[in-house]
Peer 1: 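Would you mind keeping the following structure in view while I ask a few things?
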Amino acid sequence: MLDLTFPNLNDKQREAVFTTDGPLLILAGAGSGKTTVLVNKVAYLIEGKGVKPYNVLAITFTNKAASELKTRLNAMLGQSGEGIWASTFHSACMKILFRDIKKINYPENFCIYDTADSLTVIKECLKELNLSDKIFPPKQVRSAISRAKDELLFPDEYENICDGDYRLSQICKIYRLYNDKLKTYGALDFDDIIMLTVLLLEQNPDVLSFYQSKFKFVLVDEYQDTNHAQYRLVSLLAGKHRNLCVVGDDDQSIYKFRGADIENILGFEKQFPEAKTIKLEENYRSSQNILDAANNVIKNNSERKSKRLWTSKGEGEKITLFKGQTEYDEARFIVEKIELSAKSYNDFAVLYRMNSQSRVIEDALTRAAIPYRVLGGLRFYDRKEIKDAIAYLRLIFNKNDNVSLKRIINEPKRGIGKTTVQYAEDLSAQLGISMFDVCKKARLYPTLERSRARLEQFCAMIEGLGGIEQQPFDAFVKEVLIQTDYIPALEAENSIESITRLENLYELISSAKEYEQSADEPSLSGFLESVSLVADVDNYDEAQNAVVLMTLHSAKGLEFPTVFIAGAEEGVFPSLLSTASNEELEEERRLCYVGITRAKEQLYITHAGTRTLFGSTKHNRLSRFIEEIPSSLIENLTSSLIAPKQATVATAYAKTNILSPAAKPKKPAMSFSAGDTVLHKKFGNGVIINAINVGNDYHLEIAFESCGTKHLMAAYANLTKL
DNA sequence: TGCGGTGGGTTTTTT
DNA sequence: ACCCACCGCA
């Protein structure tokens, strides 16, 4: 039973829960229990004030946050919580759009383009407008358009701000064409999902008033990360009842480069003069030393609401600073600390500024046979084979989707080459009909004569697949991949790479099954939506016993007993590209604040005297952010303990190996012995002639069928035993 | 149509 | 150092 006096909350948290009416700004410092407040507040609304669940809208940024909210509400409220809209910005908007998108003249069977798909369209636009991709780099153009959409500027409005500027007006031209193309393809990009929802609400008073009446209480998490469009959306939805509760931390705003407008949170009290503000400053996560370090760093920022985190926990461990000679040395230190600790692997996170920093650390972990996972980098849904599979499904669902058609029309090879595709694309643009229709009626167009039979066959195949969309959804997906010859072609290839791809495809098929089991009304469009709107962190499973590696950005919202911040160097963190402007520097500093406050018990900060960066060797000074931490909080391991100046990387590694075996029993790496048949990524099949156990690793002599005998270390070779 | 070589450009990215 | 996009050849 829910105790409506909320004895487990502190005074401030309780005040935040009980303040239900009118605008409320909750400034929640890192680790101050904001999700708890949010959950309890919704519970109080429903159980304490008799609010109906369907009158509550709770918005988050990530699926992970949304599902955590749902799970905790479910645990607290059970059945009476059914009907609450607890979802991300994008999926809430998708629900609104599904009902009424036709009112703004968009097709109902639209699909969602991710950033890679958008880029394809941008490139089409550049080609069509005869603009050079050297002068207008597609990625820059895409981000300019994305920013415009964040600001709710349609091409017409964007034109006004171009003010005769050549570059901007060209970008505006691209923007216009890009939007036209998306519309004819029946596609929305991520930004459209928000922007068009705002448009729909603004242009249709009946729709707006429906949702305004429905959402008597609106709660928004991570408000510091909202952009202008999201701000507008929230203002519209909460416009009638004005029971808007926003939770955020201006010190954790790290997505300005994506259009997040910190003014939304800083100016909340201006927007709603009657607003109440509650600060949550008691931290339940970290030791005082860690909080002091964070406070001392962040206080150097000028534009912020003052806040000071405190805890009733003790001082805790000092923060450890380590300077390695090189990045290899740095990685070795991290691995050694993990090996020597009694904690389990999933208590550790290694955070860095750039994804490219992970490689060296991964190598060191592999060498020590420590299980790890890397978040970020290539997402599952960004893999080629997965994107191809989705493209087939999208095309079956929506024949206007030229981007998907282009992606798979010759994948696997069907003898439909670049030239043919280009002809079809030109015809599609000239005639204003889809490429699919052009290909289907290839006989009408002389330029397509040579490929006519193959094009017609392709179209017939796709249309045929639309007819078999029957019961078990995973079976349908599989059938599509078989009938299109996609899976058979990979099977025929029978290489290491094709096997991995097949594995990924089967994973997609099983996710189709999961989708069907969990969705209320499973549909192809619903599945496509669900795969379009997932992020990598969403799949981060903290239960898995492995060290986790990720960027500082991805770490927001997570916590770990022990955190390493690697690469604390000028030019790396803060990034070289941020050091020019103070605004960007302050954003980097907030990123540092986020990083520090992820740690519960122990924080290690590492840097390297020499680092190879973008191909050249750099000597970077210690990060200015670390200089901002009082030295009384830091224990400097740099010159003591493990790293005598003359130590080479090799001897340092040798030392690791001497130290580690006694440290802790750990999962032995895969074992190898002479006579085993193994598979290597590059060299193919081979037989082990000789295997020597070296520490946690094996030194192997392998006779490969393709290229003779090679000497390899098992940890590096990434072998599969056959 | 499909490949291999060359050259330019490098952050972060909840959806 | 590595990844990509583009060009030239088989």
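The basis for the numbers below is simple: all heavy atoms, side chains too, and nothing from hydrogens, waters or symmetry mates. Letters go in sequence order (proteins before strands), and every chain restarts at 1.
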Peer 1: Taking for each residue the nucleotide of DNA chain B bearing the nearest heavy atom, is the 5' side occupied by A:Asn410 or by A:Asp225?
Peer 2: A:Asn410
Peer 1: For A:Arg359 and A:Lys123, find the nucleotide of DNA chain C closest to each by heavy atoms; which residue's nucleotide sits nearer the 5' end?
Peer 2: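 Result of the comparison: A:Arg359.
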Peer 1: Under 3.5 Å, side chain of A:Ser146 to main-chain N/O of A:Ser143, donor-acceptor pair present?
Peer 2: no
Peer 1: Nearest-Å distance, NZ (A:Lys139) to P (C:dC3)?
Peer 2: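 Computing the A:Lys139:NZ to C:dC3:P distance gives 13 Å.
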Peer 1: Check for a donor-acceptor pair, side chain of A:Arg232 on one end and backbone N or O of A:Asn227 on the other, with a separation under 3.5 Å.
Peer 2: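 Not at all, since once roles are kept as given, no pair shorter than 3.5 Å links the two residues.
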Peer 1: Where does the angle between the aromatic ring planes of A:His553 and A:Tyr255 fall among parallel (under 30°), tilted (30 to 60°) and perpendicular (over 60°)?
Peer 2: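 Tilted, since the angle between the ring planes falls between 30° and 60°.
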Peer 1: Test your reading of the model: is there a side-chain donor-acceptor pair from A:Ser623 to the backbone of A:Ala568, 3.5 Å cut-off?
Peer 2: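 Not confirmed, A:Ser623 side chain does not pair with A:Ala568 backbone.
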Peer 1: Of the non-hydrogen atoms in A:Ala229 and A:Val198, which two are nearest, and what is the gap between them?
Peer 2: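 Where A:Ala229 meets A:Val198 most closely, the heavy atoms are O-CG2, 3.7 Å.
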Peer 1: Answer with base, sugar-phosphate or nothing: what part of the nucleic acid does A:Thr612 contact at a heavy-atom distance below 4.0 Å?
Peer 2: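 If one applies the 4.0 Å heavy-atom cut-off, A:Thr612 turns out to touch nothing in the nucleic acid.
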Peer 1: Once you round it to whole Å, what is the distance between P of B:dT14 and CG of A:Leu552?
Peer 2: 14 Å
Peer 1: Base, backbone or nothing for each nucleotide of nucleotides 7-13 of chain B, written B, S, -, heavy atoms under 4.0 angstrom, 5' to 3'?
Peer 2: ---BBBB
Peer 1: Using ring centroids (six-membered ring only for Trp), state whether A:Phe110 and A:Phe98 fall under 6.0 Å.
Peer 2: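 Ring centres of A:Phe110 and A:Phe98 closer than 6.0 Å.
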Peer 1: What's touching nucleotides 7-10 of chain C from the protein side, N or O pairs under 3.5 Å?
Peer 2:
none

Peer 1: State, without any angle test, whether A:Tyr486 and A:Asp388 hold a side-chain donor-acceptor pair at a distance under 3.5 Å.
Peer 2: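 A pair is found: one side chain offers a donor N or O, the other an acceptor, under 3.5 Å apart.
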Peer 1: Name the orientation class of the two ring planes belonging to A:Tyr113 and A:Tyr185 (parallel below 30°, tilted from 30 to 60°, perpendicular beyond 60°).
Peer 2: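 Tilted, since the angle between the ring planes falls between 30° and 60°.
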Peer 1: A:Lys256 NZ to B:dT14 P: how many Å, rounded?
Peer 2: 19 Å
Peer 1: To the nearest Å, give me how far apart NZ (A:Lys127) and P (C:dA5) are.
Peer 2: 13 Å
Peer 1: May I ask you to check whether over 12 heavy atoms, not counting those of A:Lys95, lie within 6.0 Å of atom NZ?
Peer 2: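 Yes.
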Peer 1: Hey, does A:Asp191 reach any base, or is it just sugar-phosphate, or nothing, if we go heavy atoms under 4.0 Å?
Peer 2: nothing
Peer 1: Look at the side chain of A:Thr62 and decide which nucleotide, out of B:dT14, C:dC2, B:dT1, has an atom nearest to it.
Peer 2: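 Output: B:dT14.
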Peer 1: In whole angstroms, how far is the C1' atom of B:dT14 from the OH atom of A:Tyr381?
Peer 2: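 Roughly 16 Å, once rounded to whole Å.
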Peer 1: Looking across every strand, which nucleic acid part, if any, lies under 4.0 Å from A:Gly557 by heavy atom: base, sugar-phosphate, or nothing?
Peer 2: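 Here A:Gly557 touches no strand at all.
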Peer 1: Nearest whole Å is fine: how far is B:dT14 P from A:Asp150 CG?
Peer 2: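 After rounding, the gap between these two atoms is 14 Å.
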Peer 1: Take atom C1' in B:dT12 and the same atom in C:dA5, then report the distance between them in whole Å.
Peer 2: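 Each nucleotide's C1' atom is 23 Å from the other's.
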Peer 1: Check the distance between B:dG2's P and A:Ile416's CD1 and give it to me in whole angstrom.
Peer 2: 11 Å
